[in-house]
Visitor: 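Have a look at the structure that comes next, please.
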4 protein chains.
Amino acid sequence: MIISLDTSSSIPIYVQLRNQIVLGIGRGELKPGESLPTVRQMAKDAGINTMTVNKTYQILKTEGFIEIDRRSGAFVSKSQRMDKDFEEKLESDLTLLMAEASVKGMDKEDFLKLCERVFAGLEPCQEL
Amino acid sequence: MIISLDTSSSIPIYVQLRNQIVLGIGRGELKPGESLPTVRQMAKDAGINTMTVNKTYQILKTEGFIEIDRRSGAFVSKSQRMDKDFEEKLESDLTLLMAEASVKGMDKEDFLKLCERVFAGLEPCQEL
Amino acid sequence: MIISLDTSSSIPIYVQLRNQIVLGIGRGELKPGESLPTVRQMAKDAGINTMTVNKTYQILKTEGFIEIDRRSGAFVSKSQRMDKDFEEKLESDLTLLMAEASVKGMDKEDFLKLCERVFAGLEPCQEL
Amino acid sequence: MIISLDTSSSIPIYVQLRNQIVLGIGRGELKPGESLPTVRQMAKDAGINTMTVNKTYQILKTEGFIEIDRRSGAFVSKSQRMDKDFEEKLESDLTLLMAEASVKGMDKEDFLKLCERVFAGLEPCQEL
DNA sequence: GTGGTCTAGACCACG
DNA sequence: GTGGTCTAGACCACC
């Protein structure tokens, strides 16, 4: 998968990398059980420091998206489960997003259509 | 409207404040044309620095949510319009959110139901 | 409070530091609401790197022992609560410890006496 | 006895294995004088490297939990005795555990009750 | 081979 | 002032 980072962005690199990997999993480019590049390899590919990659991997591990095996490195978790914290985060993020959209003139129908469109962009690579 | 900030959160205070105000507008607690507290008043009420409030107001202005009149202070914009930048931000934020949800096992139906539910929580206070 | 680290130990410095701080709180040397040294100060005092201290503080924050305020730095949490994860960790650690003690010939009475003695060593500095 | 290891845990495999064996002895599943599987057999059963098992056995030997006879392999020590090092380790581990528990709101009574409960879970399999 | 830890020092974001 | 991020490069622990 292709990683594109913007080092001049105000979003920390480790967050950008985290998001890109989550998107990769969401799009099905990274399948459950599939290995991620080693910390060193990813650092080299992305042109960043190993500690930055390490931090990203630790976060993804904490969030349950990946597991890290001492022997073979990191791989996408096989069984993902939505925990309560994540559910709350999802709802509050979505609430903010919908408030912004609504203020900017989108009604419910528009928003749901947008959701459909975004989902369609995710779908072709995997079965949901 | 009530502002609740968590100074020991990792989310910067000015972002929390910005989000709370956007939510307030989205919920109809702050109506178009309605005045916001002065920078000093808001700072006093929320127990934060005036610079922080000032930063928040500038951001809200840049995003088009409020207008700032030298004489009468800040007020909620009367005509909000979705510009291209905002549309892109919305779509990319939504994509990430849906990717996370999908990886954690939510399917499209679940997500759309969640959207309906969140919208219902926003609606009673205003007409969309 | 006095921090003593053993850089030649196999226990990572950030873990040693974490343990010392938890002990300090447990002994009442650090009271709820009391400030911890800044990251830089602690690093200087302990003769270690700021990032190492930062890591320790992040862990203590995650574990709920301290809170980090953007404005004034880190301080001991005022309301500590035992969550489920911690309860499980406590029980499994204790199980291992008691198994070891039992194999080495301690019976229940001996162990409970040891507990009393250790608690007495913690107590004089605070009210439990 | 059943050994369950988590290769994606942050706890080294040799430590996990060591703990499981100590627990097995503590619970009476492994009795004094009883043989442990050979290094190769254990490695095969647990799906890990022989070097890892070997390291675990050496540690258990150093700690006095097992003895290793060149001819008959490893077996649980017949006479366990608490040496000074172990006593110190036990006390310092227990101190940390009690500090954590105390900070999280457990008082002495709660802790002693927990000890009783944990001991009861160990007891049925052996005479203490 | 893998990830984990640590350092020294720089720079940025926040309030 | 505070903490947060990032780097380059070293060394260690684990398997």
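First the proteins, then the strands, lettered A, B, ... as listed; each starts at 1. Reckoned from all heavy atoms, side chains included, excluding hydrogens, waters and symmetry mates. Remember, predicted model here, so these are calculated numbers, not experimental data.
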Visitor: At 4.0 Å (heavy atoms only), tell me whether C/I48 reaches a base, stays on the sugar-phosphate, or touches nothing.
Guide: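 C/I48: backbone/sugar contact only, no base atoms under 4.0 Å.
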Visitor: Could you check how far CD of A/Q16 sits from C1' of F/dC6, rounded to whole Å?
Guide: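 Value for this atom pair: 13 Å.
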Visitor: For a side-chain contact (heavy atoms from CB on, under 4.5 Å) with C/I13, tell me which candidate from C/V53, C/T56, C/I48 qualifies.
Guide: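 Only match with C/I13 under side-chain contact (heavy atoms from CB on, under 4.5 Å): C/I48.
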Visitor: Between P on E/dA13 and CD1 on B/I13, what's the gap in Å once rounded to a whole number?
Guide: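 It is 17 Å, rounded to the nearest whole Å.
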Visitor: Which nucleotide in the set F/dG3, E/dC14, E/dT5 lies at the smallest distance from any side-chain heavy atom of A/M51?
Guide: E/dT5
Visitor: Specify the separation, in whole Å, of atom CE of C/M42 and atom P of F/dT2.
Guide: 14 Å
Visitor: With side chains defined as the heavy atoms from C-beta onward, is the minimum distance between A/I2 and A/E29 less than 4.5 Å?
Guide: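 Heavy-atom side-chain distance check fails, nothing below 4.5 Å.
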Visitor: When the distance from CG of D/N49 to P of F/dA13 is rounded to whole Å, what number comes out?
Guide: 18 Å
Visitor: Only pairs with both distances under 3.5 Å count, Watson-Crick or wobble alike; so what is the partner of E/dC14 in this structure?
Guide: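 F/dG1 is the nucleotide pairing with E/dC14.
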Visitor: B/V15 or A/K61: which one's nearest nucleotide on DNA chain E is closer to the 5' end?
Guide: A/K61
Visitor: So, C/D69 versus B/T7: side-chain donor-acceptor pair below 3.5 Å or not?
Guide: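 Indeed, the side chains of C/D69 and B/T7 share at least one donor-acceptor pair under 3.5 Å.
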Visitor: Has C/Q58 got a side-chain N or O lying under 4.0 Å from the OP1 or OP2 atom of F/dG4?
Guide: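 Yes, within the criterion.
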Visitor: Both D/Y14 and C/Y57 contact DNA chain F. Which one's nearest nucleotide lies toward the 5' end?
Guide: C/Y57
Visitor: Please determine, by modelled atom types, if D/D6 and D/S8 share a side-chain donor-acceptor pair under 3.5 angstrom.
Guide: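 Present: a donor and an acceptor within the cut-off.
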Visitor: I want to check one thing: is the phosphate of F/dC6, taken as OP1 and OP2, less than 4.0 Å away from some side-chain N or O of A/T7?
Guide: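 For F/dC6, neither OP1 nor OP2 has a side-chain N or O of A/T7 closer than 4.0 Å.
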Visitor: When you measure only distances, ignoring hydrogens and angles, does the side chain of C/R71 come within 3.5 Å of the base of F/dG1 through a donor and an acceptor?
Guide: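 It does not, because no donor-acceptor pair links the side chain of C/R71 to the base of F/dG1 below 3.5 Å.
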Visitor: Tell me what C/N54 touches on the nucleic acid: a base, only sugar-phosphate, or nothing, going by heavy atoms under 4.0 Å.
Guide: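 C/N54: base contact, heavy atoms under 4.0 Å.
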Visitor: Would you kindly compare A/G47 and D/T52 by the position of their nearest DNA chain F nucleotide and give the one closer to the 5′ end?
Guide: A/G47
Visitor: If you define the side chain from C-beta out and look only at heavy atoms, does anything of B/I66 sit under 4.5 Å from B/Y57?
Guide: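 Yes, their side chains come closer than 4.5 Å.
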Visitor: From CD1 of A/I59 over to C1' of F/dT5, roughly how many Å is that when rounded to an integer?
Guide: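 Rounded to the whole Å, the gap is 11 Å.
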Visitor: With a 4.0 Å cutoff (strictly under), does any side-chain N or O of B/K55 reach OP1 or OP2 of E/dC14?
Guide: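 Affirmative; the distance criterion is met.
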Visitor: How long is the line joining CZ of C/R40 and C1' of F/dT5, in whole Å?
Guide: 12 Å
Visitor: Tell me whether the OP1 or OP2 atom of E/dT2 has a side-chain N or O from A/R70 closer than 4.0 Å.
Guide: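 For E/dT2, OP1/OP2 do not have a side-chain N/O of A/R70 under 4.0 Å.
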Visitor: For B/R18 and E/dC14, give me the distance from atom CZ to atom C1', rounded to whole Å.
Guide: 18 Å
Visitor: Write down the distance between CG (C/D6) and C1' (E/dT5), rounded to a whole number of angstrom.
Guide: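 Taking CG of C/D6 and C1' of E/dT5, I get 15 Å after rounding.
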Visitor: Given side chains that start at C-beta, do those of D/I21 and D/V76 come closer than 4.5 Å, heavy atoms only?
Guide: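 They are not in contact (no side-chain heavy atoms under 4.5 Å apart), so the answer is no.
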Visitor: Assign each of A/L36 and A/S10 to its nearest nucleotide of DNA chain E by heavy atoms, then name whichever residue's nucleotide is nearer the 5' end.
Guide: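 Its nearest nucleotide lies further toward 5', so the answer is A/L36.
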